[in-house]
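The structure under discussion appears below in the form of structure tokens.
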Amino acid sequence: MKTMEHLSPIKTVNPFNNQVVKEFDVMTSEELEAIIARADDAFQSWKKTPLSQRAKLLHKVASIMRNRKEELGKLATLEMGKLLRESIGEVEISANIFDYYADNGEKLLADQPLETPIGSAFISYEPIGVLLSVQPWNFPFYQITRSAAPNIMAGNTILLKHASNVPQCAAIMEKIFLEAGAPKGVYNNLFVPGSKVDVIVADKRIKGVSLTGSELAGGSIASAAGKYVKKSTLELGGSDTFIVLDDANIDEAVDAAVYGRMWNAGQVCVSPKRIIVEKSIADVFLKKVQAKFTTLKVGDPMDPTTDVAPLSSEKAAQDVIAQVEQAVKEGAQLLYGGHRVDCPGAFVEPTILTDIKPSMAAYFEEIFGPVFMFYIVKDEREAIALANATDFGLGGSVFSSNEKRAVNIARQIDTGMVYINHVTGIAPELPFGGTKNSGYGREQSIAGIYEFVNSKLIRITEAKNSY
Ligand code: NAP
């Protein structure tokens, strides 16, 4: 394995003021080797640990997280800038996901009998080994949880490679697992850069890899996983639509769109990035959105009165501004905002872009910041066509007072999730994931626990009767 000693350090930079808070050394090749060996060793006993004991560990992790939610929340806000109340909410939902798999894992992983005319047969769900989990910064605790909770319940062991800008959140989760009683090696934090992930995927002891992140990282990880024949799941970007039909409750739709798009300063994979409104209500809808925008307070994410946080980094803010400027250069109208906020920190004004055409990059791109891309359509057919005119296929929403009409439209949207009268959300028992270039595989829910298990057939029959 190549040496990694000379790569740039992993840092906490507070996006509220862009000050460096703390730096961490990238792990040496020897340190990494020792961690992989420890995770592989731990797997040999963890796979035989009774499900009830695995569940006990996950419940304990959940309870520690709940008890320390303020402290953990502050850490997330410090490192990637989201509103403190959102950070605390994220810790709570993460604890709920740990509890969900602790409560349901035993039932979900029990042998499943199969109907067969000759003899008997069943599926035995067996863990496969050490998994690499590569995660982004936008939900520093929830993202870790989505892969760790089901897989540790299933008997796998985890190597977490978190985003390089949230090292303290990454490190504290390993400590929480140890404090909860996890045997050494069951859950391991790696301080390595994204560019080195391929080398880890290639290691024979790694049996699977899950990534949540960009298409670029997804393509790179999927190629490495393919080359070395490893199972992978990818949760990538999205450019979710938020369709508002002429029979929708406009005020509720406006509230949901603004809240949803300003959540995490717009840096949510399932944020409503493309707002699509039927013509007859478009003017009213847009005026109400603008009025709401004027009330939004952009500022200190630790301050409970703030509505819009800074972006995760100076580069993230510059990238969003560059996308907005490009759209305007190509002919889009800037109806609101569109600039940096005049203060230190990675701030971008809440922004509304209209008149976006297929000739513009913005029509196809994901904008990962507080930017509404507003479209007017003449009818629901046009709304569906526009919703599907993207390579992404993650989530989406349809707002209507006619449930049947909304569900009919939901069925025609090519995404992994559609919410009616709600922004795409998160719940432990509901699957999360996409289609098209938004990736493959599912996390959370029943589906999430079967991604990295060997669904082994065991058949009992006599040789003379078999086929
Ligand atoms: P990113 O650059 O792809 O980073 C995500 C993770 O991948 C980080 O740990 C990063 O490490 C690592 N990484 C980067 N380049 C890599 C490579 N070539 N090979 C292997 N690993 C690599 O993503 P981001 O831009 O920070 O995150 C935002 C994206 O994630 C958005 O597109 C968003 O929509 C998507 N996302 C999707 C979901 C979902 O559930 N579908 C949820 C949240 C976010 P370093 O930090 O060290 O570079």
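In each ligand, atom 1 is the first atom listed, and ligand 1 is the first ligand listed.
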Regarding [X] and [Y], do their side chains bring together a donor and an acceptor under 3.5 Å, going by distance alone?
X	Y	answer
Glu92	Ser94	no
Glu451	Thr233	no
Asn151	Arg146	no
Glu365	Gln323	yes

Taking the minimum heavy-atom distance to [atom], which of [options] ranks first?
atom	options	answer
atom 43 (C) of ligand 1	Leu190, Asn138, Val26	Asn138
atom 25 (O) of ligand 1	Ser438, Ser133, Ser214	Ser214
atom 18 (N) of ligand 1	Ser220, Gly439, Ser313, Ser312	Ser220
atom 9 (O) of ligand 1	Met80, Gln135, Lys273	Gln135

Does the protein put any heavy atom within less than 4.0 Å of atom 4 (O) of ligand 1?
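Looking at atom 4 (O) of ligand 1, one finds that no protein heavy atom lies closer than 4.0 Å.
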Can you list the atoms of ligand 1 that are under 4.0 Å from a heavy atom of [X]?
X	result
Thr212	5 (C), 36 (N), 37 (C), 38 (C), 39 (C), 40 (O), 42 (C), 43 (C), 44 (C)
Glu235	37 (C), 38 (C), 39 (C), 40 (O), 41 (N)
Ile221	20 (C), 21 (N)
Phe432	39 (C), 40 (O)
Gln143	42 (C), 43 (C)
Arg146	39 (C), 40 (O)
Ser164	45 (P), 46 (O), 47 (O)
Lys161	9 (O), 11 (O), 45 (P), 47 (O)

Of all the non-hydrogen atoms in the protein, which one sits nearest to [atom], and at what distance?
atom	result
atom 35 (C) of ligand 1	Gly213 O, 3.4 Å
atom 20 (C) of ligand 1	Gly194 O, 3.3 Å
atom 39 (C) of ligand 1	Cys269 SG, 3.3 Å
atom 26 (O) of ligand 1	Trp137 NE1, 2.6 Å
atom 14 (C) of ligand 1	Ala217 CB, 4.0 Å
atom 28 (C) of ligand 1	Phe368 CE2, 3.6 Å
atom 32 (O) of ligand 1	Glu366 OE1, 2.7 Å
atom 12 (C) of ligand 1	Val134 CG1, 3.7 Å

Checking contacts here: is it the side chain or the backbone of [X] that comes within 4.0 Å of ligand 1, counting heavy atoms only? Could be both or neither.
X	answer
Ile10	neither
Glu443	neither
Phe139	neither
Lys315	neither

Is it true that a side-chain atom of Asn388 and a backbone atom of Asp414 form a donor plus acceptor pair closer than 3.5 Å?
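Yes: the side chain of Asn388 pairs with the backbone of Asp414.
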Tell me whether the count of non-hydrogen atoms from other residues, nucleotides or ligands lying under 6.0 Å of [atom1] in [X] goes above 12.
X	atom1	answer
Lys230	NZ	yes
Ile446	CD1	no
Lys60	NZ	no
Asp103	CG	yes

Using non-hydrogen atoms of the residue, decide whether Leu211 is closer than 4.0 angstrom to ligand 1.
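It does; at least one heavy atom falls under 4.0 Å.
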Indicate yes or no: does [X] engage [Y] in a salt bridge with an N to O separation below 4.0 Å.
X	Y	result
Asp255	Lys292	yes
Glu33	Arg205	yes
Arg442	Glu235	no

Aromatic contact, Trp46 with Phe177 (centres under 6.0 Å):
no
Please identify each residue that fulfils salt bridge (charged side-chain N to carboxylate O under 4.0 Å, His left out) with Glu179, with sequence neighbours left out.
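Salt bridge (charged side-chain N to carboxylate O under 4.0 Å, His left out) list for Glu179, sorted by chain: Arg68.
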Flag side-chain contact, heavy atom, 4.5 Å: Thr351 against Tyr336:
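When only atoms from C-beta onward are counted, Tyr336 and Thr351 do not touch, as no gap falls below 4.5 Å.
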